[in-house]
Protein chains: 2
Amino acid sequence: MKSPQRRMTKQRKKILEVLKSTRSHPTADWVYDEVKKEIPNISLGTIYRNLNVLREMGEIIELNYGSSYSRYDANSDDHYHFTCLECGQVMDVDLDMDRELDGEVADCIGGEVSYRRTEFFGYCAECSK
Amino acid sequence: MKSPQRRMTKQRKKILEVLKSTRSHPTADWVYDEVKKEIPNISLGTIYRNLNVLREMGEIIELNYGSSYSRYDANSDDHYHFTCLECGQVMDVDLDMDRELDGEVADCIGGEVSYRRTEFFGYCAECSK
DNA sequence: ATAGATGCAAAGGTTTTGCATAACT
DNA sequence: AGTTATGCAAAACCTTTGCATCTAT
């Protein structure tokens, strides 16, 4: 199966344009409102379809990537996670966190850092064989 | 307003027990199925309520923490994000990523790392005044 | 005794999809 | 022309919530 050839419709173009013109990491809904100012009859479905297409094309990143539902972990120490893109498994990574980074980030934004979450994505031992 | 006193019901106890006995970072649904084996008439609502309570108590971590909807970013280079716990704003952090870590994680799990996502949580300049 | 928790079912909010029509290339 | 995208509306999906009842403290 080959991937479809992509067309640059005015909707898709505008959606990308809106995303490129902001640093606010908007939600689909915000993009919808924004694009509607120029293409009033665009539908939310088109927004979502295009966000997915643009992500597949590597033009944009989706934060909260991957799953639509939450996962829970009874190990509440800060630690890294690894998610396999093939089998979906989520596992702990036994490495110490670089705590210095928290301070650097706090300085950088001029605020306070309470905690952080780092997730690695790739292929697990089993799936990368 | 004071926070309510928590009771350790058999439902809450069992849910925590199930979470502590696995390293699979389960979803609410999986926990539901698991707990149902011993408390057949437990409801999904109770699972969700308790997962939230246990998180507030600091007993467990919720991955994909924070928002129910996705945010999109047209800057597809890997970079850090910071989310303000007060105002909900998400911003980019202008710091270089420590790329060495990817290799360390790959070695640690015996697989491959494609990319990673790091999100810092805390209070932004405005909100931490 | 009483605040807090449960079960059930209905509602909520976000994202996806089926289908007929329209528009790129 | 033929494939890909759109608009609309309905459905799907995960999570939350209202309410009457029950229970831990």
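Labels below follow one simple rule: chain letters A, B, ... track the order of the sequence lines, proteins then strands, and each chain is numbered from 1.
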How long is the straight-line distance from CG of Asn50(B) back to OG1 of Thr9(B), given to the nearest 0.5 Å?
5.5 Å
Angle between the end axes of the helix from dA1(C)-dT25(D) to dT25(C)-dA1(D), five pairs per end, to the nearest 10 degrees?
40°
Short question: side chain of Arg71(A), backbone of His25(B) - any donor-acceptor pair under 3.5 Å?
yes
Within this structure, what is the CD-to-P distance between Glu56(A) and dT4(D), rounded to whole angstrom?
13 Å
Could you state the CD1-C1' distance from Ile15(B) to dA5(C), rounded to the nearest angstrom?
11 Å
Listed pairs, N/O of protein and of nucleotides 10-12 of chain D, under 3.5 Å:
none

Hydrophobic cluster identity match, Tyr123(B) and Met91(B), side-chain contacts under 4.5 Å:
no
Distance in angstrom units between Ile39(B) CD1 and dA5(C) C1', rounded
12 Å
Please check if the side chain of Thr22(B) supplies one atom and the backbone of Leu19(B) the other of a donor-acceptor pair under 3.5 Å.
no
Rounded interatomic separation in angstrom, taking NZ from Lys13(B) and P from dT23(D):
16 Å
Return no unless some side-chain N or O of Asn52(A) is found under 4.0 Å from OP1 or OP2 of dT16(C).
yes
Verify whether one side chain among Asp73(B) and His79(B) offers a donor that lies under 3.5 Å from an acceptor in the other.
yes
Hydrophobic cluster membership, with links at side-chain heavy-atom distances under 4.5 Å among I/L/V/M/F/W/Y: are Phe121(A) and Ile109(B) in one?
no
Nearest-Å distance for atom pair NZ/C1', residues Lys36(A) and dC8(D):
14 Å
Could you go through the salt bridge (charged side-chain N to carboxylate O under 4.0 Å, His left out) check for Glu119(B) and Arg116(A) one step at a time?
CA-CA 6 Å; Glu119(B) 204 153 348; Arg116(A) 100 174 83 147; over 6 Å; no
May I ask you to verify if any side-chain N or O of Asn50(B) is less than 4.0 angstrom from the OP1 or OP2 atom of dT6(C)?
yes
What is the distance from CD1 of Ile42(B) to C1' of dA9(C), rounded to the nearest Å?
16 Å
Side chain to side chain contact (heavy atoms under 4.5 Å, CB included) with Ser43(B): which residues, sequence neighbours excluded?
Thr46(B)
Identify the pairs formed between an N or O of the protein and an N or O of nucleotides 17-21 of chain D at a distance under 3.5 Å, and give each distance.
unit_1  : atom_1 : unit_2   : atom_2 : d
dG18(D) : O6     : Arg49(B) : NH1    : 3.2

To the nearest angstrom, the CD1-P distance between Ile47(A) and dT17(C) comes to 17 Å
Looking across every strand, which nucleic acid part, if any, lies under 4.0 Å from Asp29(B) by heavy atom: base, sugar-phosphate, or nothing?
nothing
Does the ring center of Phe82(B) lie less than 6.0 Å from the ring center of Phe120(B)?
no
Cluster link Tyr115(A) to Tyr80(A), ILVMFWY, side chain under 4.5 Å:
no
Go through the steps for Arg6(A) and Glu56(A) under the test salt bridge (charged side-chain N to carboxylate O under 4.0 Å, His left out), then give the verdict.
CA-CA 11 Å; Arg6(A) 299 303 188 184; Glu56(A) 281 163 26; 3.1 Å; yes
Would you mind building the protein contact string for nucleotides 20-25 of chain C? One character per nucleotide, 5' to 3', B for base within reach (heavy atoms under 4.0 Å), S for sugar-phosphate only, - for untouched.
---BBS
With clusters defined by side-chain heavy atoms of hydrophobic residues (ILVMFWY) lying less than 4.5 Å apart, directly or transitively, does Val105(B) cluster with Leu101(A)?
no
Send over the distance from Lys14(B) NZ to dA5(C) C1', rounded to a whole Å.
19 Å
Just distance, no hydrogens or angles: give the donor-acceptor pairs under 3.5 Å from side chains in residues 28-35 of chain B, sequence neighbours left out.
unit_1   : atom_1 : unit_2   : atom_2 : d
Glu34(B) : OE1    : Lys37(B) : NZ     : 3.4
Glu34(B) : OE2    : Lys37(B) : NZ     : 3.3

For Glu17(B), is there an ion pair with Lys14(B) - N to carboxylate O distance below 4.0 angstrom?
yes
